[in-house]
Amino acid sequence: MKLNQAQLEAVQYVDGPCFVLAGAGSGKTRVITIKIEYLIKNIGLLPKQILAVTFTNKAAKEMQERIETNIGKERAEQLTICTFHSLGLEILKKEYIRADLKASFTLFDTHDQLKLIDEIASQYFPRDYSENRKELLENCCEYISNIKSSLITLEEVQAQNTNLAKVFIEYQAYLKACNAVDMDDLIYKSTLLLKNNEDLRQKWSLRFAYILVDEYQDTNVSQYQLLKMLSSYYKKFTVVGDDDQAIYSWRGADSKNIENLSNDFKDLKVIKLEQNYRSSQNILELANLLIENNDHIYEKAIYSELEQGEDILLVECMDSEDEARYIAYKIIERRMLEHCKWSSFAILFRSNSQASIFEKILHGSNIPNIVYGGESFFDRAEVKDIIAYLKLIANTHDEMSLMRIINIPRRGIGKETLTKLTDFSKRYAKGSFECAMHTKFLSMLGPNEQKAIQEFCALIIKYQQAIAKGHKDIITNLITDINYSQYLQSSKLSDKAIKFKLNNIQTVIKWMFELMQGQNGQKALSFKDAVNKICMRQMLSKIDGEEEVNAVQLMTLHSSKGLEFPYVFLVGLEEGSLPHKKSLSTDAQIQEERRLAYVGITRAQKSLVISYRLNNKTVNPILTAFDKGVKLKKSRFLDEISYYKAVKKLKSQYKNANLSTEHKQKLASSALDELLKSVGSAAFEGR
DNA sequence: GTGCCCTTCGTTTTT
DNA sequence: CGAAGGGCAC
């Protein structure tokens, strides 16, 4: 496929800063990949001089693969294609001394972070803490994250002299004591580092002769500053973005960065990509109608030369279960009409919690499905445990991990001993692990506790030494070494649950192994780097070994960004759900919710089904009492797209009232199951 | 120090 | 209802 005029211009403009305003489905990823190829083949840049920043790991991986097919694996591997966060990690890894870290620094994940903030907040806000802890915690987290994403310095925070500021200062101090950084620090610290040190700025900006940034509308102040500093020598970059798809303002992203760009770079070249190659006319028409209700920085008009396409369906459902059944039915219907992969279907929702009902009904209907994202895997106790072990081995200063696992499995180290340890560590201002090995500390304990502590420390050190000697495979011994399965067995769980948990642990171990071996053309990582990658949720293979499976894709609107699917179901279009009830108060919030809906609609290539529920009845009748507003109201976004005009057909066949018992039965999971069997599901596999 | 029972809560998005 | 975490009793 050839490039159109605008795309070609975007690829060939290499003389200075360039902003590509790329509407949904306008081939922006293609422009980036082809531009990289162009920079190497026509401009003569070396692959290692090029940096491409994406927003998610998934996008980075995809881009890497695409480029590989264009310029060959060997050259593609020398490119730097990563997220802002991994770039930050890279910088901190190289400049750890200047960043006031030890080489073995590790990452605090969201759990560690929350626990720590909880602890600190309880000291500074004792009253609020007992009254509305959750809200307080949320505020503190938000505050800390805001400071970092807005690039506010520690000195500036200190000057605020508020309790929140004190929480921030103590939080940072604790992280430092743990020789750890949090997610936001990866960008915050590396940006400050380059900002305050001319030599480092020089060094890093010399390294990248050309920088490309995808999803630019979702960058925050710190990320933008980082881009500015990294490009300060050559001043050549291309950022690609679409203000209509800005959906991360809650994370500090600010599409004002788009405006700043033209202020900061007077010679900025702006190129608009307005032709959509993804969606049918009907889908695009609907998307445009919706997004017209938002404010825009640059006007743009997306158009498509594709066919009119199928009618968009708007489906009214009784409740979630009906909605899920209807979708299951539609999927099977489609598969009977034409050959298509399960993975051609996507179900998109506002929040992760909406996934489970679809998962359940699809599963009951023998429809393979995969739920993307959702932190559930990393929320499991056994996964947190094993990761804590890995983190502690990588970095013995990590107090959070130490405290988590010092008595898991049970070693007879209880509250008493831990209080002693904490006190000792405070008194001598040393890390707990160091103190735990101190004879003076050990002498304070009874013989059993002494032995337990010593054995624990010896275990950690044993692994550290083995890893230092390069025995990568030793981590596979860790689980047996600590007797984790025995620990699980003593917890009177079912055999099935134990097996499941052990399997989860094996998954983590497998990731570690893969990362350290360097599979899929990735370079082999050190133990410590592998641990950090896992903390960043950057593993090579999927959870449960589910590679690119042929299954219906279930995901949030946020994680659907950048993807496309032939058949899309956009579900739960009700007030409170989309727009979300927590985002109703300001117009800016509503606009962001509207963009979310826009992102959802524009994922669809051929067919789009939008559904909403009439009732909030959950699977659980008792919960209905809890949700006393049983009736749901149609989303305002549905009014805005005035479906009598844009949506060609209003399908209300699924209203409960109109549905005969027989019909309903047919739609029930068991019937779907039979329907599928009677046709022979094997006939529909593949293509 | 461990284990069990009780309360609480279900209200968003992710590197 | 069901998970998860805190508190309390052995």
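Labels below follow one simple rule: chain letters A, B, ... track the order of the sequence lines, proteins then strands, and each chain is numbered from 1.
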So, does [X] get its side chain near the phosphate of [N], meaning an N or O under 4.0 Å from OP1 or OP2?
X: A:Asn448; N: B:dG1; answer: no
X: A:Ser559; N: B:dT14; answer: yes
X: A:Asn57; N: B:dT15; answer: no
X: A:Asn407; N: B:dT2; answer: yes

**Message:** Check for me whether A:Lys528 meets the cation-pi criterion with A:Phe105, that is, NZ or CZ under 6.0 Å from the six-membered ring centre and within 45 degrees of the ring axis.
**Reply:** yes
**Item:** Geometric cation-pi criterion A:Lys561 and A:Phe55, 6.0 Å radius, 45° cone
**Value:** yes
**Message:** Just to verify, what does A:Arg66 make a salt bridge (charged side-chain N to carboxylate O under 4.0 Å, His left out) with, not counting sequence neighbours?
**Reply:** none
**Asked** From B:dT15, B:dG1, B:dT12, pick the nucleotide closest to the side chain of A:His580?
**Response**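 Closest of the options to the side chain of A:His580: B:dT12.
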**Message:** Checking A:Lys582 now: which residues fulfil side chain to side chain donor-acceptor pair (under 3.5 Å) with it, not counting sequence neighbours?
**Reply:** none
**Asked** Is the base of B:dT13 touched by the side chain of A:Arg350 through a donor-acceptor pair closer than 3.5 angstrom?
**Response**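 By the distance-only test, yes, there is a pair.
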**Prompt:** Can you tell me how far C1' in C:dG2 sits from the matching atom in B:dT13, rounded to whole Å?
**Reply:** 25 Å
**Request:** For A:Phe84, answer base if it contacts any base atom (sugar-phosphate contacts may also be present), sugar-phosphate if it contacts only those atoms, and nothing otherwise; contact means non-hydrogen atoms under 4.0 Å.
**Result:** nothing
